Amino acid sequence: MSMRVRHFRKCTCLCLLFVAAATSACVSTAEQQAAQKPVNEQSRFLRVARDLDAKGESGTALALYERAAQMSGADATIQVKLGNARLKAGDTDGAEKAFRSALQINPQDTTALLGLGTLQLQRGDPAAAARTLAPAAEALNAVSAYNKLGTALVLSGNAAAAERAFTKALTLQPGNLDTKTNLALAQALSNKLPDASAGMNSVVASPLAEKRHFVNYMIILSMSGDLARARAIAVPDMTESQKSQILAKASKLHSIQDPTKRAQAIGLLASA
C-alpha cells in the first residue's frame with residue numbers, strides 16, 4: 001500500500017470522526033433548544049406563582065404551581081412547592097400526595113420531609129409528625145423545623161425530647177419568645193416548674209410579649225400552684241372573667257395523668 005493511500009485513509013478516518021462529533025453537537029444543541037422552552041416556561045410559572053402568593057393571591061398561585069408540576073416530570077423541588085401551596089389552600093390530601101411524590105423522587109429531600117411532617121402535625125398525628133420531622137430538623141437546622149419537631153414531641157407525650165428540640169431552636173435564635181414559651185411548657189410537662197416559671201418571667205418582661213405569652217405564663221404559674229401570681233398577671237385584651245375561666249381549667253391539668261392528653265389540654269387552653 002502506497003504512502004498516499006495510507007495518508008488518504010487516515011484523513012478519511014479523521015474527517016469521519018469530526019463529522020460525527022459535529023453531528024452529535026448539532027443533535028445535542030437541538031435537544032437543548034427543545035427542552036429549554038418548557039424549562040423557561042416552568043421558571044416563569046414558578047416566578048409568577050411566588051409573586052402572587054406573596055400578594056395573597058394564593059388561589060391563582062396554586063393553579064400556576066399545578067401547571068409547573070405537570071410540566072416538571074420528576075422534579076422534587078416543584079412537587080414540594082406544590083405541596084406547600086396545596087397545604088396553604090387547605091387541600092391536605094393533595095398536599096400529602098405532592099410531598100410523597102417528592103420523597104419518591106428523592107427520599108432524602110428535607111423540605112419534603114418538613115412539609116409532610118407539618119401536614120401530619122396539622123392532622124393531629126403528632127407521633128408520625130415527630131418521626132418525619134426529626135431528620136428534617138437535623139438536616140435543615142432551622143428554628144421553625146425544631147419548633148415543629150418540639151411541638152410534635154410535646155403532643156406525643158415526650159416532653160424531655162421536646163425540651164432538647166426547643167433548646168436547639170433557641171440556640172439558633174435566642175430571642176424568639178414563642179420558642180422560649182414552648183420550652184417553658186415542655187419543662188412544665190416534665191414537672192420542672194421552677195425552670196418553666198423563670199423562663200416565662202423573661203418572656204413577659206419583653207416589650208414584644210403578646211397575649212398568648214401571658215396566657216401561657218398564667219397557665220404555668222397555675223400548674224406551679226402559685227395562683228396569686230397567676231391572678232395578678234395583666235393579660236392584654238382579657239377580662240377578669242375570662243382569666244378566671246382559664247385558671248379554673250388550668251387547675252384541673254394535674255388531674256390529667258396521660259402526658260399526651262395533658263399537653264393537648266394545655267394547647268387548647270393556651271389558644272382560648
Side-chain angles (χ1 to χ4, degrees), residues 39 42-43 45-47 49-50 53-54 58 61-174 176 178-183 185-186 189 259-260 263-264 267:
V39 168
Q42 285 172 31
S43 300
F45 282 148
L46 291 173
R47 184 176 64 254
R50 184 182 64 245
D53 208 8
S58 54
L62 175 57
L64 291 174
Y65 281 127
E66 297 279 5
R67 289 283 303 277
Q70 289 171 2
M71 299 171 64
S72 69
D75 190 325
T77 301
I78 294 180
Q79 288 296 327
V80 171
K81 291 180 184 297
L82 174 60
N84 287 328
R86 285 175 173 172
L87 188 58
K88 188 174 181 179
D91 180 9
T92 55
D93 290 340
E96 181 176 9
K97 182 179 179 181
F99 291 135
R100 291 192 182 278
S101 294
L103 289 170
Q104 286 175 354
I105 298 167
N106 178 13
Q108 307 304 317
D109 191 307
T110 52
T111 54
L113 287 170
L114 180 64
L116 181 60
T118 301
L119 169 63
Q120 291 167 331
L121 188 57
Q122 288 187 8
R123 277 183 170 172
D125 191 354
R131 289 192 299 271
T132 306
L133 289 168
E138 184 176 353
L140 293 168
N141 197 35
V143 173
S144 61
Y146 276 122
N147 265 320
K148 288 177 181 178
L149 172 59
T151 301
L153 289 166
V154 163
L155 294 175
S156 301
N158 194 344
E163 282 187 65
R164 293 193 289 272
F166 291 134
T167 299
K168 287 182 179 178
L170 272 180
T171 301
L172 296 171
Q173 194 177 43
N176 190 308
D178 287 336
T179 305
K180 286 183 177 182
T181 302
N182 287 337
L183 176 58
L185 288 170
L189 286 166
T260 301
Q264 291 171 347

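Predicted, not measured: the structure shown is a model, and the values here were computed from it. Numbers for residues simply follow the sequence, beginning at 1.
Salt bridge annotation for K168-E138: absent, with no cationic side-chain nitrogen under 4.0 angstrom from a carboxylate oxygen. Between K97 and D91, none of the side-chain N atoms (NZ, or NE/NH1/NH2) sits under 4.0 Å from a carboxylate O, so this pair counts as no salt bridge.
P135 has its side chain out of reach of T110: every pair of non-hydrogen atoms, C-beta onward, lies at least 4.5 Å apart. Within the 4.5 Å cutoff, the side chain of Q79 has heavy atoms near those of the L82 side chain. Residues L113 and L133 are not in side-chain contact: their nearest non-hydrogen atoms beyond the backbone lie 4.5 Å or more apart. The closest side-chain heavy-atom distance from D75 to I105 is not below 4.5 Å.
For the atom pair S144 OG and L172 CG, the distance stands at 10.0 Å (nearest 0.5 Å). The CD atom of E163 sits 9.0 Å away from the CG atom of L189 when rounded to the nearest 0.5 Å.
Closest approach of S156 to A127, counting heavy atoms only: OG-N, 3.3 Å. Among all heavy-atom pairs drawn from L149 and A130, the shortest one is CD1-O, 3.6 Å. Across every non-hydrogen atom of A112 and A102, the tightest pair is CB-CB, 3.8 Å. Across all non-hydrogen atoms, the minimal contact from A145 to A137 is CB-CA, 3.8 Å. Closest approach of G117 and A129 over heavy atoms only: O-CB, 3.5 Å. Closest approach of A162 to V154, counting heavy atoms only: CB-CG2, 3.3 Å.
Of the residues T132, D125, L87, D93, the one that meets the side-chain contact (heavy atoms from CB on, under 4.5 Å) test with L119 is L87. Here the options are T151, N176, L185, the test is side-chain contact (heavy atoms from CB on, under 4.5 Å), and the partner is F166; only T151 passes. A side-chain contact (heavy atoms from CB on, under 4.5 Å) with T118 is found for exactly one of L114, L116, L121, namely L114.
N182 and N147 share a donor-acceptor pair across their side chains, judged by distance under 3.5 Å alone. Under the 3.5 Å distance criterion, with hydrogens and angles disregarded, a donor-acceptor pair is assigned to the side chains of T111 and D109.
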Between E96 and R86, does the salt bridge (charged side-chain N to carboxylate O under 4.0 Å, His left out) criterion hold? Intermediate values first, please. CA-CA 9 Å; E96 181 176 9; R86 285 175 173 172; over 6 Å; no
Side chain to side chain contact (heavy atoms under 4.5 Å, CB included) between Y146 and T167, intermediate numbers included: CA-CA 9 Å; Y146 276 122; T167 299; over 6 Å; no
Using the side chain to side chain contact (heavy atoms under 4.5 Å, CB included) rule, take R131 and Q120 through it: C-alpha gap first, then chi angles, then the decisive distance, then the call. CA-CA 10 Å; R131 289 192 299 271; Q120 291 167 331; over 6 Å; no
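Formation of a donor-acceptor pair under 3.5 Å by the T179 side chain with backbone atoms of A169 is not found in this model.
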